[in-house]
Protein chains: 2
Amino acid sequence: MKNKPPENPAFRMTPQRAEILRFLDGNKSHPSAEDIYARLKRKFPGMSFATVYNTLQTLISNGQLAEIKIDAARKRFDPGLTPHHHLLCVRCGLIADLPARRQAPPKGAPKGFKILICNVEYYGICPACGRGGNKEKISWKKK
Amino acid sequence: MKNKPPENPAFRMTPQRAEILRFLDGNKSHPSAEDIYARLKRKFPGMSFATVYNTLQTLISNGQLAEIKIDAARKRFDPGLTPHHHLLCVRCGLIADLPARRQAPPKGAPKGFKILICNVEYYGICPACGRGGNKEKISWKKK
DNA sequence: TTTCATAAGTAGAATCGTTCTAACCTAAGA
DNA sequence: TCTTAGGTTAGAACGATTCTACTTATGAAA
């Protein structure tokens with residue numbers, strides 16, 4: 001994601017928003033709203049959670065950010081707008097990006113269904129967990 | 001899904017569980033916990049929501065049911081255990097099944113990552129919405 | 001059949017991520 | 001400077017899910 005303001009003229013680049021954009025720029029960790037809030041709080045101790053959600057919502061409507069639904073417990077956000085797939089370790093929760101391969105149009109789709117996006121997720125066991133390195137079953141913070 | 005008790009000897013087939021299984025058997029509507037609860041309530045007015053969640057959790061651990069994460073607002077459950085993909089209308093929320101096509105192993109996965117499941121979701125506009133038939137932007141009940 | 005251990009069910013509280021609301025703040029244009 | 005509208009904030013509200021304490025049902029053993 002390029003770290004510059006959206007074309008939308010109503011979008012004001014405030015310090016909080018600039019910092020959110022800076023944090024997301026090139027970030028491959030698929031942060032949750034809380035991750036972003038925790039990070040921003042360091043720089044803006046008085047910051048509100050609502051600002052994070054508002055900004056994320058704005059960025060999504062502007063097409064600058066995607067929400068990924070891999071984690072049922074919380075929303076995660078992905079600034080990587082070049083098409084890519086996700087690889088998820090069911091033991092430790094690691095989420096990695098994969099280069100997208102060309103996806104053939106699906107067979108069996110109803111006539112007239114217009115496909116916009118294709119999402120591919122692979123679930124499996126990462127090398128560390130496979131070796132028994134990660135004792136934790138699920139390391140995603142539940143708190 | 002076959003409507004019979006799992007092999008797990010600790011699984012007791014109670015009337016509530018039998019009814020949940022019957023409701024899920026062959027159900028392609030990807031019901032949420034609330035959908036299931038609402039339906040079961042007709043037959044068991046005294047039923048608790050916790051029973052629904054407990055049973056669903058048990059069925060998932062037994063590998064009899066899959067949780068699908070297409071809808072960020074609530075969990076949905078899919079008894080169709082034969083591999084298949086999902087097609088989702090971003091306007092009306094319709095979720096349809098697609099026959100799974102053979103998915104080639106992903107390129108770029110870390111060495112030693114053991115793939116277990118591959119999930120493919122197509123997002124788009126269904127024929128009805130494309131024709132402007134569905135005026136509702138999102139018909140998923142938001143309450 | 002009675003006893004007993006334990007799985008399952010219930011009501012309702014608790015949790016927690018997310019959204020909403022109302023008040024205030026601030027930048028920018030008139 | 002005044003006005004306006006978008007942005008921020010604190011905190012309440014919301015809603016899906018989980019947890020807890022308790023009761024009930026089941027099935028095996030005595």
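Atom set for the values below is all heavy atoms of this structure, side chains included, hydrogens, waters and symmetry mates excluded. Each chain gets a letter, A, B and so on, in the order its sequence line appears, and its residues count up from 1.
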Can any side-chain N or O of [X] pair as donor or acceptor with the backbone N or O of [Y] at less than 3.5 Å?
X	Y	value
A:Thr51	A:Met47	no
B:Asp35	B:Ser32	yes
A:Asn62	A:Gln64	no

Protein-nucleotide distance ([X], atom [atom1]; [N], atom [atom2]), rounded to Å:
X	N	atom1	atom2	result
A:Asn54	D:dG7	CG	P	9 Å
A:Tyr37	C:dT18	OH	C1'	14 Å
A:Lys69	C:dT18	NZ	P	13 Å
A:Arg76	C:dT18	CZ	P	10 Å
B:Lys41	C:dG9	NZ	C1'	12 Å
B:Glu19	C:dG9	CD	P	13 Å
A:Phe11	D:dT8	CZ	C1'	14 Å
B:Asp71	D:dA16	CG	P	10 Å

Taking only N and O in the side chain of [X], is any of them less than 4.0 Å away from OP1 or OP2 of [N]?
X	N	value
A:Thr14	C:dT26	no
B:Tyr53	D:dT18	no
B:Gln57	D:dT17	no
B:Arg74	D:dG15	no

Which nucleotide wins on minimum distance to the side chain of [X], given the candidates [options]?
X	options	value
A:Thr55	C:dA8, D:dG11, D:dT8	D:dT8
A:Lys75	D:dG7, C:dT10, C:dT19	C:dT19
B:Gln16	C:dG9, C:dG12, D:dA16	C:dG9
B:Arg12	D:dT17, D:dT26, C:dT18	D:dT26

- Query: Want to settle it: does B:Ala50 or A:Ala33 sit nearer the 5' end of DNA chain C, counting the closest nucleotide to each?
  - Reply: B:Ala50
- Task: Check the surroundings of atom NZ in A:Lys114: do more than 12 heavy atoms from other residues, nucleotides or ligands lie under 6.0 Å from it?
- Result: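 Not buried by this count: 12 neighbours or fewer within 6.0 Å.
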- Query: Considering all heavy atoms of both residues, which atom of A:Cys89 and which atom of A:Cys126 are nearest to each other, and what is their separation?
  - Reply: SG-N, 3.4 Å
- Message: Categorize B:Thr51 for me: base, sugar-phosphate, or nothing, with a 4.0 angstrom heavy-atom threshold over every strand shown.
- Response: base
